[in-house]
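Quick note: residue numbers are just sequence positions, from 1.
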Amino acid sequence: MSSVEPGSKSKSDEEWQAILSREQFRILRTKGTEAPGTGKYDKFSQEGIYTCAACDTPLYKSTTKFNSGCGWPAFFDALPGAVTRHEDTTLGMTRTEIICTACGGHLGHVFKGEGFPTPTDERHCVNSVSLKFTDEQKSDESQSK
């Protein structure tokens, strides 16, 4: 999978409101957060690809997902170029926000050095609402047509 061009799938707020649910708009466009333990992908474990719920850009492979116990889906790495990092100083602390490179949709935050047994020692803590899942078999079938 190739990297995406930054901002290549950007739209106006009015366009996003027309295609996203109210909750997707709140999280993806206004940097909201879903309540911990409520997202459909937190304990989800099928093999496939997680894409941006707003623009369908592939973001994560299921092979990088792990159970961190944090209440949100956790990944140790994104697909090359799919996710952009920004410093976030809201809530009186400094964190690293992650967004979809293609559309700028808010995904969540990255935390480093927590000691999880992953190759990167990073936890991409991602809102389920920001993601869609594509089964690997369905993905393979559509690419071979």
Side-chain angles (χ1 to χ4, degrees), residues 1-136 138-139 142-143:
M1 296 190 189
S2 62
S3 62
V4 296
E5 191 64 34
S8 61
K9 297 183 179 181
S10 62
K11 298 181 185 319
S12 69
D13 280 349
E14 293 77 20
E15 290 172 305
W16 285 124
Q17 285 175 323
I19 61 173
L20 298 174
S21 71
R22 180 176 265 148
E23 182 71 345
Q24 286 174 322
F25 185 84
R26 183 183 75 81
I27 291 172
L28 285 158
R29 307 316 308 169
T30 67
K31 303 178 188 284
T33 301
E34 66 194 4
T38 62
K40 68 180 179 180
Y41 297 126
D42 179 27
K43 294 184 168 93
F44 187 81
S45 60
Q46 284 185 262
E47 289 190 22
I49 302 292
Y50 292 86
T51 62
C52 176
C55 72
D56 293 320
T57 296
L59 302 172
Y60 297 98
K61 289 184 178 181
S62 60
T63 54
T64 64
K65 189 173 186 292
F66 69 101
N67 181 9
S68 69
C70 69
W72 292 274
F75 302 87
F76 61 80
D77 204 3
L79 292 168
V83 171
T84 300
R85 300 169 186 228
H86 294 286
E87 186 176 282
D88 175 3
T89 57
T90 60
L91 305 177
M93 63 180 109
T94 300
R95 300 179 293 171
T96 302
E97 178 193 15
I98 47 176
I99 64 169
C100 172
T101 299
C103 74
H106 174 74
L107 303 173
H109 291 86
V110 172
F111 301 92
K112 294 181 180 188
E114 295 177 316
F116 287 107
T118 64
T120 61
D121 198 19
E122 288 188 345
R123 174 174 56 98
H124 292 221
C125 185
V126 182
N127 291 289
S128 285
V129 170
S130 299
L131 300 171
K132 286 184 194 173
F133 177 78
T134 303
D135 182 292
E136 216 155 39
K138 288 180 186 172
S139 180
S142 67
Q143 288 179 4

- Task: Could you tell me which residues satisfy side chain to side chain contact (heavy atoms under 4.5 Å, CB included) with Ala53, sequence neighbours excluded, listed by chain and number?
- Result: Gln24, Leu28, Lys132
- Task: Name all residues meeting the side chain to side chain contact (heavy atoms under 4.5 Å, CB included) criterion together with Lys40; count only those two or more places apart in sequence or in a different chain, and write none if there are none.
- Result: none
- Distance-only side-chain donor-acceptor flag, Lys9 / Thr57, under 3.5 Å: yes
- Task: Would you mind listing every side-chain hydrogen bond (donor to acceptor under 3.5 Å, both in side chains) that reaches into residues 110-119, with sequence neighbours excluded?
- Result: Glu114-Arg123
- Note on the structure: Distance col, row Cys52:SG vs Tyr60:OH, nearest 0.5 angstrom, shows 10.5 Å
- Any chance you could measure Thr96, atom OG1, to His86, atom NE2, to the nearest 0.5 Å? 11.0 Å
- Donor-acceptor pair, side chain of Asn127 and main chain of Val129, under 3.5 angstrom: no
- Message: Rounded at 0.5 Å granularity, tell me how far OG1 in Thr64 sits from CZ in Phe75.
- Response: 6.0 Å
- Item | Derivation and outcome, side-chain hydrogen bond (donor to acceptor under 3.5 Å, both in side chains), residues Thr94 and Thr89 | CA-CA 5 Å; Thr94 300; Thr89 57; over 6 Å; no
- Message: Restricting to ring pair (Phe, Tyr, Trp, His ring centres under 6.0 Å), what partner residues turn up for Tyr41, sequence neighbours left out?
- Response: Phe44, Tyr50
- Message: Does anything in residues 25-35 form a side-chain hydrogen bond (donor to acceptor under 3.5 Å, both in side chains)? List the pairs, not counting sequence neighbours.
- Response: Glu23-Arg26, Lys31-Glu97
- Note on the structure: Of all heavy-atom pairs linking Phe133 and Glu47, the shortest is CZ-O, 3.4 Å
- Item | From Thr51, Leu79, Leu131, residue fulfilling side-chain contact (heavy atoms from CB on, under 4.5 Å) relative to Leu59 | Leu131
- Item | Which residues share a side chain to side chain contact (heavy atoms under 4.5 Å, CB included) with Glu14, sequence neighbours left out | Ser12
- Message: Evaluate Ser68 against Cys125 for side-chain contact (heavy atoms from CB on, under 4.5 Å), listing each step before the verdict.
- Response: CA-CA 9 Å; Ser68 69; Cys125 185; over 6 Å; no
- Before giving the answer on side-chain hydrogen bond (donor to acceptor under 3.5 Å, both in side chains), spell out for Asp77 and His124 the whole-Å C-alpha distance, their side-chain angles and the decisive distance to 0.1 Å. CA-CA 7 Å; Asp77 204 3; His124 292 221; 4.9 Å; no
- Any chance you could measure Lys43, atom NZ, to Lys65, atom NZ, to the nearest 0.5 Å? 9.5 Å
